[in-house]
Amino acid sequence: MPTRDGYAEGIPSWVDLATPDLDGAKEFYSALFGWEYHDAGSDMGPYLMCFKKGLVAAGMGFAAEGQPSVWSTYIAVDDASASLAKIVEAGGSTILDCTDVPGGRLAFASDPTGAAFGIWEAGEHFGAAIVNEHGALNWNELTTDDPDSALPFYEKVFEYTTRATRPAGTTYWVFEVDGRGIAGAMAPPAPDLPNHWGIYFAVDDAQAGVETALEAGGSKTYGPMEVSDVGTFAGLADPFGAHFTIIQLATEVD
């Protein structure tokens with residue numbers, strides 16, 4: 001069972017859902033991923049820790065008024081205040097200033113192309129403890145229509161090394177930390193798709209995952225489609241409009 005007990009700076013460490021219907025979201029993701037929940041609470045209201053096999057996998061809380069239902073990516077940092085200053089210096093923007101919350105310290109920002117992401121300075125909570133298996137985080141991916149601005153930004157802020165690949169005639173970039181791929185980046189695959197950070201959850205069977213999601217009130221945006229040596233993907237949205245991807249991995253990942 002692939003597990004984590006901490007994350008180095010620059011590695012996506014946590015994902016959470018902002019939703020207008022916490023009870024409905026609990027029901028949907030329990031059906032799809034088999035999650036169980038514990039309310040960690042906060043000054044901002046209920047915050048659920050989502051567990052798989054007794055280990056924390058993700059979080060969810062209520063969306064703010066006017067906020068769309070969305071999954072967010074958080075990148076691990078050693079010092080949230082210093083990292084936020086680097087983000088602004090590199091051309092990014094502050095969405096939420098550094099804030100102490102139960103388990104750590106966070107901030108929210110956007111890159112120069114408008115893609116939003118969180119940064120997480122771990123305290124008692126370091127991030128996802130289970131990864132790369134059914135119902136757990138597998139990958140985080142930036143979609144941007146301006147890679148010439150976005151890629152240097154992340155290289156400067158998080159000291160990523162960026163490696164370009166060309167699957168199926170397109171260009172896909174892999175962000176690396178210490179020689180290990182930790183996230184990806186790509187151009188928008190469809191017109192009018194906003195720049196954003198997307199989230200992949202591993203599943204045992206992509207087709208079964210699509211069917212379960214549809215039965216539970218979700219919708220499909222694409223797939224399943226197979227990418228050789230990587231896995232079988234499908235794009236989904238939960239009943240409240242939060243988009244994410246499921247992947248049936250071609251090989252086991254630690």
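Throughout, residue positions are numbered sequentially from 1 according to the sequence presented. Hydrogens, waters and symmetry mates are skipped; everything else that's a heavy atom, side chains included, is used.
At least one side-chain heavy atom of V77 sits under 4.5 Å from a side-chain heavy atom of F158. In this structure, P12 and F117 have side chains that are not in contact, with every pair of non-hydrogen atoms separated by 4.5 Å or more. Taking the side chain as every heavy atom from C-beta outward, L32 and F244 approach each other to under 4.5 Å. A 4.5 Å side-chain heavy-atom check between N132 and R4 finds at least one atom pair inside the cut-off. W71 places none of its side-chain heavy atoms less than 4.5 Å from the side chain of T245. Side-chain contact between F126 and S13 is absent, with no heavy atoms from C-beta onward closer than 4.5 Å. Using a 4.5 Å heavy-atom threshold, the side chains of T3 and V131 count as separate. For the pair I119/I87, a side-chain contact is recorded, criterion being any heavy-atom separation below 4.5 Å from C-beta on.
In the hydrophobic clustering of this structure, F240 does not group with I199; members are Ile, Leu, Val, Met, Phe, Trp, Tyr whose side-chain heavy atoms approach within less than 4.5 Å, directly or through other members. When hydrophobic clusters are built by joining Ile, Leu, Val, Met, Phe, Trp and Tyr residues whose side-chain heavy atoms come closer than 4.5 Å, directly or via intermediates, L22 is grouped together with Y29. Linking ILVMFWY side-chain heavy atoms closer than 4.5 Å, directly or via other members, places I95 and V88 in two distinct hydrophobic clusters. Following chains of ILVMFWY side-chain contacts shorter than 4.5 Å, one cannot reach W120 starting from L17, and the two form parts of different hydrophobic clusters. F201 and V70 fall into different hydrophobic clusters, where Ile, Leu, Val, Met, Phe, Trp and Tyr residues are linked whenever their side-chain heavy atoms come under 4.5 Å apart, directly or through other members.
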Could you go through the side-chain contact (heavy atoms from CB on, under 4.5 Å) check for M49 and H125 one step at a time? CA-CA 11 Å; M49 305 296 275; H125 172 60; 3.6 Å; yes

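Surrounding CD of E36 are at most 12 heavy atoms belonging to other residues, nucleotides or ligands under 6.0 Å away. Around CD of Q207, the count of heavy atoms belonging to other residues, nucleotides or ligands within 6.0 Å exceeds 12.
In this structure, the separation between CG on L151 and CG on D111 is 9.5 Å, given to the nearest 0.5 Å. In this structure, the separation between CD1 on I246 and NE2 on H134 is 9.0 Å, given to the nearest 0.5 Å. One finds the CG atom of D178 at 7.5 Å from the CD1 atom of I11 (value rounded to the nearest 0.5 Å). Separating the CG atom in D204 from the CZ atom in F33 is a distance of 11.0 Å, to the nearest 0.5 Å. Interatomic distance, CG of D78 versus CD of E121, reported as 8.0 Å (0.5 Å rounding). For the atom pair T19 OG1 and Q67 CD, the distance stands at 10.0 Å (nearest 0.5 Å).
For P68, there are no side chain to side chain contact (heavy atoms under 4.5 Å, CB included) partners, not counting sequence neighbours. Not counting sequence neighbours, E211 has no partner by the salt bridge (charged side-chain N to carboxylate O under 4.0 Å, His left out) test. Contacts of E9 classified as side-chain hydrogen bond (donor to acceptor under 3.5 Å, both in side chains), with partners at least two apart in sequence or in another chain: none. R180 meets the salt bridge (charged side-chain N to carboxylate O under 4.0 Å, His left out) test with no other residue; sequence neighbours excluded. Here D100 pairs with R105 under the side chain to side chain contact (heavy atoms under 4.5 Å, CB included) rule; sequence neighbours left out.
Under 4.0 Å is where a charged nitrogen must lie from a carboxylate oxygen, and between E133 and K52 no such pair does.
Panel note: side chain T221, backbone S219; no donor-acceptor pair is recorded below 3.5 Å. The backbone N or O of Y47 sits less than 3.5 Å from a side-chain atom of D39, completing a donor-acceptor pair. Formation of a donor-acceptor pair under 3.5 Å by the W35 side chain with backbone atoms of G135 is found in this model. Between the W173 side chain and the L142 main chain, no donor and acceptor come within less than 3.5 Å of each other.
The shortest non-hydrogen separation linking A57 to I130 is CB-CG2, 3.9 Å. Of all non-hydrogen atoms in A8 and A76, the two that sit nearest each other are O-CB, 3.6 Å. Closest heavy-atom contact between P239 and A216: CG-O, 3.8 Å. Nearest heavy atoms, Y37 versus S30: CE1-OG, 3.0 Å. Contact detail for A25 and M60: the closest heavy-atom pair is CB-SD, 4.0 Å. W197 approaches A183 most closely through the heavy-atom pair CZ3-CB, 3.9 Å.
The other residues sharing a hydrophobic cluster with V253 are W139, Y172, V174, M186, Y200, Y222, M225, V227, V230, F233, I247, L249, where clustering joins ILVMFWY side chains under 4.5 Å apart.
Considering T143, D148, D146, T144 in turn, T144 is the only one that fulfils the side chain to side chain donor-acceptor pair (under 3.5 Å) rule with T113.
Side-chain contact annotation: Y154 with T162, donor-acceptor N/O pair under 3.5 Å absent.
Checked against a 6.0 Å centroid threshold, the rings of Y74 and Y7 do not count as neighbours.
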